[in-house]
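All chains are named by letter (A, B, ...) in the order of the sequence lines, taking the proteins before the strands, and each is independently numbered beginning at 1.
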Number of protein chains: 2
Amino acid sequence: MERVTMADVAREAGVSKSTVSQYLNKRYEYMGEKTKQKIEEAIEALGYQPNFLARSLKQKRTSLIGIIVANITHYFSTEVSRAIEDFFHQYDLQAIVCNADDDPEKEKKYIEMLRAKQVDGLIIFPTGKNNDLYESMVKQGYPVVFVDRKVENLDVYSVITDNSESTYQAIQHFIKKGHRNIAFVVQPLTVSTRMERLHGYKKAVKEAGIELNPNFIIEANIPEMKEKLESLFSSEEKPTAIFAANDRVFIALGEFLKEKGMKFGEDLEIVVFDNIPFSQLLETPITFIIQPASEMGRKAAELLYKQINKENSDPEVFVFPSKII
Amino acid sequence: MERVTMADVAREAGVSKSTVSQYLNKRYEYMGEKTKQKIEEAIEALGYQPNFLARSLKQKRTSLIGIIVANITHYFSTEVSRAIEDFFHQYDLQAIVCNADDDPEKEKKYIEMLRAKQVDGLIIFPTGKNNDLYESMVKQGYPVVFVDRKVENLDVYSVITDNSESTYQAIQHFIKKGHRNIAFVVQPLTVSTRMERLHGYKKAVKEAGIELNPNFIIEANIPEMKEKLESLFSSEEKPTAIFAANDRVFIALGEFLKEKGMKFGEDLEIVVFDNIPFSQLLETPITFIIQPASEMGRKAAELLYKQINKENSDPEVFVFPSKII
DNA sequence: CCGGTTTACTAAATCGATTTATCTATTTGG
DNA sequence: CCAAATAGATAAATCGATTTAGTAAACCGG
């Protein structure tokens, strides 16, 4: 467990620490050829590995950025995270991914922890319940980008999709195909994305002159979802099409239908907001509203990178369109 | 961007830095009630946030552990990573996930980078091509655990599955059902897992007295896989069952069959080594060999945690059984 | 009331780098 | 030939905490 430090290298090479540091930072401006050589040899001989902690402490940069996802079991989050990592890799910045589990307390804890670890910036899928904290970060000029969900009343960089619009189009498409009984299944309406999707649904239904049947809007947590679906399907008017507000809802729905012996596409048409992996393997046609996760991740990373490098511009909100397939 | 340091708090509270430090570390042994109060107030007033870097530099612990996965697009890796994160969360340790992309060079770079950042330990899905590096870490007593793949000739903590045995059983099962033409599709045989799975396949085939047809063993990278499958299916003897050596192979296979208009289960029976998400949604029965990813992750985390806390015991290899469903 | 404990707190060294100001030796130019 | 410029290297301060050794005051028994 022999720690080799810069001082050891300096001693071995017969020069000062400062010179070794210059060498490591490739400031060769005024450096003798022989000195370089000696240092190189000393490093080799001792197997020296620099300590980034010490360097970061002095430089006030850690080359780490933090990603706080609202829910890591959501496939969209992992796609975005991967794109972010890819982007930062070229600049030798590493990403730390933390999972807030849709819990504002956890989110707060992670934000504080990552800032204490001096990460250079944060990309957050906000739970939306820590506005004070978000605000204080922004005020302090700390680099932050928000993804997926809007933050109310705060002027920040955000990268989101046109939830309302694409839901509207998908529902409109269903209506054109003749569906009148379209159900909307969603987790609790606590975040902007879900509310916007519902808004798009309502708009399409109203415009088509269909009366909005409140029983067709199912709002429940994943564990209670099957139960609610049960009562929907045992009621008078049964839906002929269903909108699943995200991939987790879709899985619950899939399990439910399987138990009932129903099939997608045949007994019921389905739209899912979200891509799912392996979707190309499913045999029945399902409509997916796909968010451009990679592009969104890259954009978020880019925005953060600019802030870290103090290339200041005014915060903007980037809205990406989704594709319906 | 006002950085508040411990010195500021000390000044504000009218005590010394040392006392503030004691307070933060909850060493109240000899501390006056009024002093505590004053410090508490000062922290509140200034909005002080401790700097972990400085602390880590002194303590030589960062409360970070690194996970280097061979391939992050492999679903198994993410499941294991999540289990590891969960385990460490209770001890306030964070995990950094890095993707080596099956590239030994990248793997080396990441190992060096993470060690320079002074992470407290490493969990590695080894590419198997950096044995010297692995060895030097182990010799230095640095905490490491290897997952998924064996490391040759090195006495280390490892957590793996019984690749050969479970493949053997799955193939045997197929043979019992009457299949004689069973193909084995795999990515290049560069790592232990793939070789062991092939070994299990060969063993089952031989024991059943079936002549081993080398054309039935397809070894190719994902992009070339379809081409190879093409030639397999245009040859004389067509397989009636296929073993896909992991999830990525399965996707390639699925796409190929879809293009050809064939269906799993009906035209061809399939076993996949690996779980895939949403597998419960697939309508046709496919056999999966499922590795207990969560248990494996937890075990690996536990082994690393023990090493970090110097609870030394001799390195062991833990082999987990897979389930066939 | 004196020496020894205990209590409460602090000064200063330390971790391992970076960085600035400084110093010496050598060139250069007028 | 001497002052100024330049090349090459270094001493020392610094980053923001932890930790050790130490000090001062209060306490305490005989």
Undergrad: Quick one: do the Ser21(A) and Ser18(A) side chains pair a donor with an acceptor below 3.5 Å?
TA: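 No, because no side-chain N or O of Ser21(A) sits under 3.5 Å from a partner of the opposite role on Ser18(A).
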
Undergrad: Using heavy atoms to find the nearest nucleotide of DNA chain C for Lys36(B) and Lys60(B) separately, return the residue whose nucleotide is more 5′.
TA: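 This one resolves to Lys36(B).
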
Undergrad: Provide a list of protein-nucleic acid N or O atom pairs under 3.5 angstrom, restricted to nucleotides 5-8 of chain C.
TA:
none

Undergrad: Would you please say whether a donor-acceptor pair under 3.5 Å links the side chains of Ser81(A) and Thr78(A)?
TA: no

Undergrad: At the 4.0 Å heavy-atom cut-off to chain B, mark where contacts on DNA chain D begin and end, going 5' to 3'.
TA: dG16(D) to dT19(D)

Undergrad: Regarding Tyr23(A), tell me which of base, sugar-phosphate or nothing describes its non-hydrogen contacts under 4.0 Å with the strands shown.
TA: nothing

Undergrad: One pair to check against side chain to side chain contact (heavy atoms under 4.5 Å, CB included): Val15(B) and Val20(B). What are the steps and the verdict?
TA: CA-CA 7 Å; Val15(B) 298; Val20(B) 177; 3.8 Å; yes

Undergrad: Could you list all N or O pairs between the protein and nucleotides 19-27 of chain C that sit under 3.5 Å apart?
TA:
{"unit_1": "dT19(C)", "atom_1": "OP2", "unit_2": "Arg27(A)", "atom_2": "NH2", "d": "3.0"}

Undergrad: Considering heavy-atom distances to DNA chain D, does Leu53(B) or Gly14(A) have its closest nucleotide positioned more toward the 5' end?
TA: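 Result of the comparison: Gly14(A).
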
Undergrad: Taking only Lys NZ, Arg NE, NH1 and NH2, and the carboxylate oxygens of Asp or Glu, determine whether Lys299(B) and Glu302(B) approach each other closer than 4.0 Å.
TA: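 The answer is yes: the pair qualifies as a salt bridge.
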
Undergrad: What orientation do Tyr91(A) and Phe87(A) show, parallel under 30°, tilted 30 to 60°, or perpendicular over 60°?
TA: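 Answer is tilted, since the angle falls between 30° and 60°.
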
Undergrad: Indicate yes or no: does Glu135(B) engage Lys139(B) in a salt bridge with an N to O separation below 4.0 Å.
TA: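 Lys139(B) and Glu135(B): salt-bridged.
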
Undergrad: Could you tell me whether Glu33(A) and Lys36(A) have a side-chain N and a carboxylate O separated by less than 4.0 Å?
TA: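 Salt bridge between Glu33(A) and Lys36(A), a charged N being under 4.0 Å from a carboxylate O: yes.
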
Undergrad: How long is the gap from CG on Asp103(A) to CG on Asn71(A), to the nearest 0.5 Å?
TA: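 Here the interatomic distance stands at 11.0 Å.
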
Undergrad: Closest heavy-atom contact between Asn25(B) and Arg55(B)?
TA: OD1-NH2, 2.9 Å

Undergrad: Could you give the distance from CZ (Phe125(A)) to CG (Asp102(A)), rounded to the nearest 0.5 Å?
TA: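 So the gap between those two atoms works out to 11.5 Å.
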
